[in-house]
Asker: 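Sharing a structure with you now.
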Amino acid sequence: MTGPLSPCCLLLLLLLLLSALSLTLTRGYLTVSIDPLPHVVIGDTVTLKCNFQTDGNLREIVWFRVTEGGTAKQKIFTYDAMYNTSYSHLEDNKKREDLVYRSTVRLPEVQMEDDGLYECHVGIYDRSSRDKVILASGSIILTVIVPPKSISVVAANSPAPFSRYEAQNFSLVCIVTGAKPAPVVYFKRDGELIDVVPPTLASSSAGHQNKKPGKSRGRSRAGLLSSQIHISRDLDDTKLQKSLSTPEREIKPARLGQDGPEPGRREGSEPGQEPGSESTTETIPETVVSREFPRWVQSSDPLYYFQHTQQADGDGTIEVRATLTWSLNPQLDNEALFSCEVNHPALSMPMQAEVTLAAPRGPKLNMTPDRARVGDTVQITVQGFQLGPSASEVFPEPMFTWTRVGGRLLDGSETHNGRELILDRVPAELNGSMFRCTAQNPLGSTDTHTRLIVFENPRLKKEKGHFVAIDSAASQRSLSLTSALLHLLLVFLLSFTFELT
């Protein structure tokens, strides 16, 4: 058992406590924090703010940009209190604030390479010793976002043929490029958001459908919802049943030679037009393939399946492809407006691209030259179509097939694919030939015809006459030469006979 401490020990202990307290009071404190930042759109100007509190004397402030995954640091700003100088390692150093309790760094027109981690390091002098420096730091991640550069809607597997005997799956692909981060993509039909089947439910629904093929594709399957398509364009139940059973008169296919132009006048010529000024090509009434379909046509509310893929590009942005697939109903989907819309934090309003599904109708053909002569190269081109009130182009891209009615093409083939047909050095035998152009896409098919009128070529006729004249002159010269030789031979024989006698 120890006794009470002596006065000397108590005095020594008190001196030690006072010394420790003095050291604590003389040692400075330092806290550093950086103001949070929202996402910054590429091209904007951002200001980094570093706040610090201390009761000591400031030594320096240093800003770093952390690069190479955190393994390297790039010094971008320095403030040295000893020399009361500041130096910027950035290009723009016009607005730099040297404050005791705040340091700001301005980054003008940030780019993709400015994305990353930034650190603010602050140093103060220790009160106990001028040679000691207390350091503290704060960090913040600058996230640079990029709005989409482009958006487009294309048809998968285009061009594709039309089938009136089998239901076809049709897919629209929305392609969004140049965005960071990946945008949100969705589809609309006639301005209404489409309820789509997620990919996971679509795969399970497909497996369930394979196991039970006899089940109908109704809304009750797997609890899936499909979009309610508003049947516009005056297509009610009565007309729908009628179109599924009996073709209407107004779309009955026309036959060549019927309902044509008036006798004695070609179609397209005005009454009283001079015969010599009429067109050299004859416009034939369009043969429209009836777009009446068997009973495989589904209901007006099909299931829409949705797939979404992402792919990183080399510049740090992301390309997104969203695919919308459903069972095409040409009667209801013709002239339907589909739009792909994109939401992105860098956009103030959605970005969109629109397409209107349209079947080809009434191809407009152009023949060059307008007066084809024997030996000319004739080019027949599809210049456009007769479009509906809501369509600006035929979408998806149609297929074009050329045939010659009642014979083969000039090169001996039965068909030719492409928007144009070229007849090289047409002979006179093609005069009056009828050429058919068939245009089709998954929504429908249509035919149109044009007749080739071949005129005589005066140049060829002149050259032919020139060759005939040359042949005649050569024949006359040959006959004269023969006569002269016979005459000489006769003289020789007579002189020889006279000498013998």
Asker: Taking all non-hydrogen atoms of both residues, which atom of V62 and which atom of K75 are closest, and how far apart?
Answerer: CG1-CG, 3.8 Å

Asker: My understanding is that only one of S137, S103, C50 makes a side chain to side chain contact (heavy atoms under 4.5 Å, CB included) with V32; could you say which?
Answerer: C50

Asker: Evaluate the criterion side-chain contact (heavy atoms from CB on, under 4.5 Å) for residue pair R436 and T438; output intermediate values, then yes/no.
Answerer: CA-CA 6 Å; R436 177 192 296 115; T438 301; 3.9 Å; yes

Asker: Take L328 and N169 through the side-chain contact (heavy atoms from CB on, under 4.5 Å) test and state the conclusion after the steps.
Answerer: CA-CA 6 Å; L328 189 68; N169 284 336; over 6 Å; no

Asker: Counting neighbours of CD on Q53 that are heavy atoms of other residues, nucleotides or ligands and sit closer than 6.0 Å, is the number greater than 12?
Answerer: no

Asker: Do Q440 and P398 come within less than 4.5 Å of each other through their side chains, counting heavy atoms only?
Answerer: no

Asker: Is there a side-chain contact between E60 and L58, using heavy atoms and a 4.5 Å cut-off?
Answerer: no

Asker: Would you check if V110 and T45 make a side-chain contact, meaning some heavy-atom pair closer than 4.5 Å?
Answerer: no

Asker: Going through the distances and angles, do R361 and F385 end up as a side-chain contact (heavy atoms from CB on, under 4.5 Å)?
Answerer: CA-CA 6 Å; R361 183 179 62 180; F385 295 90; 5.8 Å; no

Asker: With rounding to the nearest 0.5 angstrom, report the CD1 to OH distance, I194 to Y304.
Answerer: 5.0 Å

Asker: For N334 versus A358, what's the shortest heavy-atom pair and its separation?
Answerer: OD1-CA, 3.4 Å

Asker: Return the minimal non-hydrogen interatomic distance between S171 and T325, and the atom names on each side.
Answerer: OG-OG1, 2.7 Å

Asker: Determine yes or no for a side-chain-to-main-chain donor-acceptor pair under 3.5 angstrom, with T71 supplying the side chain and E68 the backbone.
Answerer: yes

Asker: Could you walk me through whether T47 and R106 pass the side-chain hydrogen bond (donor to acceptor under 3.5 Å, both in side chains) check?
Answerer: CA-CA 4 Å; T47 301; R106 181 172 173 265; 5.2 Å; no

Asker: Between L423 and M367, is there a side-chain heavy-atom distance shorter than 4.5 Å?
Answerer: no

Asker: Does some side-chain heavy atom of I124 sit less than 4.5 Å from a side-chain heavy atom of V133?
Answerer: no

Asker: Among all residues two or more places apart in sequence or in another chain, which pass the side chain to side chain contact (heavy atoms under 4.5 Å, CB included) test with T356?
Answerer: L337, S390, A391

Asker: Looking at every non-hydrogen atom in both residues, tell me the closest pair between P369 and V378 and how far apart they are.
Answerer: CD-CA, 4.3 Å

Asker: At what distance, to the nearest 0.5 angstrom, does CE of M399 lie from CZ of F162?
Answerer: 13.5 Å

Asker: Just checking, is any N or O donor in the side chain of T381 or N366 under 3.5 Å from an acceptor N or O on the other one?
Answerer: no

Asker: Between V153 and F338, is there a side-chain heavy-atom distance shorter than 4.5 Å?
Answerer: no

Asker: Got a sec, which residues hit side chain to side chain contact (heavy atoms under 4.5 Å, CB included) with A346, two or more places apart in sequence or on another chain?
Answerer: V41, I145, P147, H344

Asker: Could you work out, with side chain to side chain contact (heavy atoms under 4.5 Å, CB included) as the rule, every residue matching D411, not counting sequence neighbours?
Answerer: L409, S413

Asker: Give me the atom names and distance for the closest heavy-atom approach of A167 to S327.
Answerer: CB-OG, 4.1 Å

Asker: Do any pairs count as a ring-ring contact (aromatic ring centres under 6.0 Å, His included) and have a residue in residues 169-197, sequence neighbours left out, and if so which ones?
Answerer: F170-W326

Asker: So with a 6.0 Å cut-off around CG of L135, is the heavy-atom count from everything else above 12?
Answerer: yes

Asker: Can you see which heavy atom on P442 is nearest to which on A160, and at what distance?
Answerer: CD-O, 3.5 Å

Asker: Report the distance from atom CD1 of I76 to atom CG of L107, rounding to the nearest 0.5 Å.
Answerer: 6.0 Å

Asker: Within a 6.0 Å radius of atom CG on N157, are there more than 12 heavy atoms belonging to other residues, nucleotides or ligands?
Answerer: no

Asker: Could you tabulate the donor-acceptor pairs under 3.5 Å formed by side-chain atoms of residues 311-322, not counting sequence neighbours?
Answerer:
{"residue": "D315", "atom": "OD1", "partner": "T317", "partner atom": "N", "Å": "3.2"}
{"residue": "D315", "atom": "OD1", "partner": "T317", "partner atom": "OG1", "Å": "2.6"}
{"residue": "D315", "atom": "OD2", "partner": "T317", "partner atom": "OG1", "Å": "3.4"}
{"residue": "E319", "atom": "OE2", "partner": "R321", "partner atom": "NE", "Å": "3.1"}

Asker: When you measure from the side chain of N343 to the backbone of V184, do you find a donor-acceptor pair of N or O atoms at a distance under 3.5 Å?
Answerer: no

Asker: Quick check: does any side chain N or O of D333 sit under 3.5 Å from a backbone N or O of N329, one acting as donor and the other as acceptor?
Answerer: yes

Asker: Roughly how far apart are L387 CG and E335 CD, rounded to 0.5 Å?
Answerer: 9.0 Å

Asker: Measure the spacing between CZ of F306 and CG of D195 and express it to the nearest 0.5 Å.
Answerer: 12.5 Å

Asker: Do T401 and T415 get their side chains close enough for a donor-acceptor pair, meaning under 3.5 Å?
Answerer: no

Asker: Answer whether the closest heavy-atom distance between the side chains of T143 and V40 falls below 4.5 Å.
Answerer: no

Asker: Pairs in or reaching into residues 109-124: which pass side-chain hydrogen bond (donor to acceptor under 3.5 Å, both in side chains), with residues at least two apart or in two chains?
Answerer: R65-D114, R65-Y118, K73-E119, D115-K180, E119-H121

Asker: Would you please test E341 and M351 for side-chain contact (heavy atoms from CB on, under 4.5 Å) and show each step?
Answerer: CA-CA 6 Å; E341 298 193 4; M351 187 177 181; over 6 Å; no

Asker: Can you check whether L48 reaches T104 side chain to side chain, under 4.5 Å on heavy atoms?
Answerer: no

Asker: To the nearest 0.5 Å, tell me how far N441 CG sits from F395 CZ.
Answerer: 9.5 Å

